[in-house]
Amino acid sequence: MTALTLTLSAAPDFDLDLAGVSPDGLQGLKADRVRRHRVPYGRRVVALGDFFEIDGSPDSGEIEIRNATAKLTRVGAGLAGGTIIVKGSTGNACGSEMRGGALRIQGSAGDYLGAAMRGGLIEVSGSVGAFAGGGLPGTTLGMKNGTMLIGGDAGDRLGDRMRRGLVVVSGAAGAYAGCNMLAGTLVLLGATGAGLGSGMRRGSILLAREPEMLLPTFTSTGTFNLAILPVLTRHLVSLKRSLKAKLEGFTEARRVVGDAACGGMGELLIAAPAAARRTRK
Amino acid sequence: MKINGVFIEDTFAEAFPMKATRLIVTALNETWAGHAARAMTGFATSVIACGCEAGIERVLKPSETPDGRPGIAVLLFAMSTKELTKQLQNRVGQCVLTSPTSACFAGLDAGDPLPLGKTLRYFGDGHQIAKKFGKTRYWRVPVMDGEFLVQDVAYMSKAIGGGNFLILAENQAAALDSSERAIAAMSKVANVVMPFPGGVVRSGSKVGSKYKALPASTNHRYCPTLKGVVDSALSADVGAVLEIVIDGLDVESINEATRVGVRAACAPGRKKGVIAISAGNYGGNLGPFHFRLRDILR
């Protein structure tokens with residue numbers, strides 16, 4: 001059974017909401033019925049066939065979206081199982097409230113990527129906007145579980161109010177990464193911006209290099225050999241082999257605890273110089 | 001049936017169902033992983049009085065451990081889930097948590113979960129940190145040399161305890177040499193441990209005693225100094241008997257351990273004082289697992 005392919009044939013002028021376009025959401029539908037599947041488009045509702053050439057079957061458990069643009073929003077939102085592969089960039093709130101399965105974006109993504117997600121895997125080869133892994137507007141918690149791998153840069157407030165889960169950013173992270181974190185793990189392999197970990201109560205932010213600045217409410221406790229670091233490294237390499245070169249030798253870290261203004265139970269684990277040097281190559 | 005002139009008796013070992021788990025204990029180097037593993041498998045020769053039977057299964061290369069450090073795989077066997085849980089917590093808590101640089105992971109991937117870090121984490125007094133990667137949860141417990149990393153749960157498997165064979169020799173030296181050869185060969189078999197000191201037991205027991213308080217007592221029929229006094233199982237030329245007890249995760253592993261163990265035990269041959277190989281049983285009425293020596297060695 002071949003994957004359901006949706007090839008964008010007409011450029012949308014407004015946001016095209018693809019929240020229900022998932023292997024589980026379209027399960028059992030034939031290609032004709034998929035073409036007639038209604039999706040929100042700006043203030044209107046349109047048929048998928050109005051914008052996409054459609055081939056294959058959703059029962060394969062895999063959907064491939066080709067020629068994607070930033071007008072495609074909420075791709076994979078609420079996904080519970082199966083795989084969505086996106087060739088091209090996407091708009092806001094992709095993978096938000098995901099519960100399982102995998103969303104692989106071969107391009108960049110907008111704001112709120114994986115916001116409030118509860119499970120599954122999101123992999124983006126390019127950069128993402130603000131609030132990735134954070135909460136949706138009006139909610140109190142960010143992502144509650146799952147894994148997010150970002151190949152490029154992340155915008156501001158990455159992991160905002162994050163409750164659990166794992167986010168890896170290979171590029172730079174914007175300002176206020178890990179802001180108000182409650183738990184979970186951020187792995188930041190590139191540069192970081194201002195306000196790192198501001199207001200974090202618990203949780204871990206692993207850094208491959210020294211941050212540009214530390215808030216005065218963070219305190220260094222020293223450099224330690226921590227068994228959790230190679231365990232994490234192995235897990236990440238099992239998800240994405242290319243991370244091996246970046247994380248190899250990450251067994252020792254400087255532990256900086258904070259935010260003391262919010263209990264001080266969070267931590268920044270900054271790779272010890274040897275590992276950091278290897279990562280910067 | 002004879003191997004190198006050593007007579008293989010037509011008998012069987014009688015074994016019992018147990019519950020078991022495997023743990024992986026790691027440390028900064030093999031020496032300290034060994035200290036922790038030996039401590040936690042100490043005083044675990046027999047469920048008669050130790051609560052569990054345990055031993056080192058094998059040394060692991062760094063590439064085989066979850067944290068990439070040198071490690072040791074250990075197996076713990078107990079008669080019930082409750083006892084295994086208790087022994088696991090006590091032994092890991094007192095012997096691995098306390099050992100410098102150590103970490104402790106589940107060595108089985110499936111089965112009924114047994115609390116490991118789930119309870120030991122409370123040693124952290126509120127400073128412990130949970131980390132969940134994929135489906136596996138770990139606990140980081142702050143200790144004086146850094147952190148003790150422990151997996152949230154270990155997994156329990158059905159297992160078999162009490163596989164055995166007896167080495168009948170002319171004297172102690174011959175019996176011991178034969179036993180050491182057997183243990184050296186058997187230690188390469190996966191999924192089994194030989195829980196007694198050095199893998200060998202010299203005080204084989206029978207169920208019960210003339211003293212009502214004792215659940216077990218010396219197996220007088222195999223004591224060479226009692227020949228002529230009791231209904232001895234030993235011929236006149238037998239001067240020493242040593243037993244090797246095998247606990248394993250499955251029948252095939254105990255078969256394999258018995259096979260390589262008996263063959264290695266027979267290697268010195270009759271000329272070097274090894275007379276016969278036998279096995280301990282209770283007539284076949286107590287334990288559901290019977291390991292027939294001749295069938296295994298055929």
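Computed from a predicted structure; not experimentally measured. Convention: sequence-line order gives letters A, B, ...; per-chain numbering from 1. Note that these values count all heavy atoms, side chains included, but never hydrogens, waters or copies made by symmetry.
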Listed by residue number, which members of residues 104-143 of chain B have a heavy atom under 4.5 Å from any heavy atom of chain A?
B:F105, B:G126, B:H127, B:Q128, B:I129, B:K131, B:K132, B:F133, B:G134, B:Y138, B:R140

Where on A:T221 is there a heavy atom nearer than 4.5 Å to chain B: the side chain, the backbone, both, or neither?
neither

Region of B:T26 in contact with chain A, defined by heavy-atom distances below 4.5 Å:
neither

Atom CZ of residue position A:R234 - does it have more than 12 heavy atoms of other residues, nucleotides or ligands inside 6.0 Å?
yes

Enclosure of B:F196 CZ (heavy-atom neighbours >12, cutoff 6.0 Å)
yes

Atom pair CG (A:L226) and CG (B:D67), whose distance is rounded to the nearest 0.5 Å
11.5 Å

In terms of heavy-atom pairs under 4.5 Å with chain B, the winner among A:V231, A:L229, A:L236 is A:V231

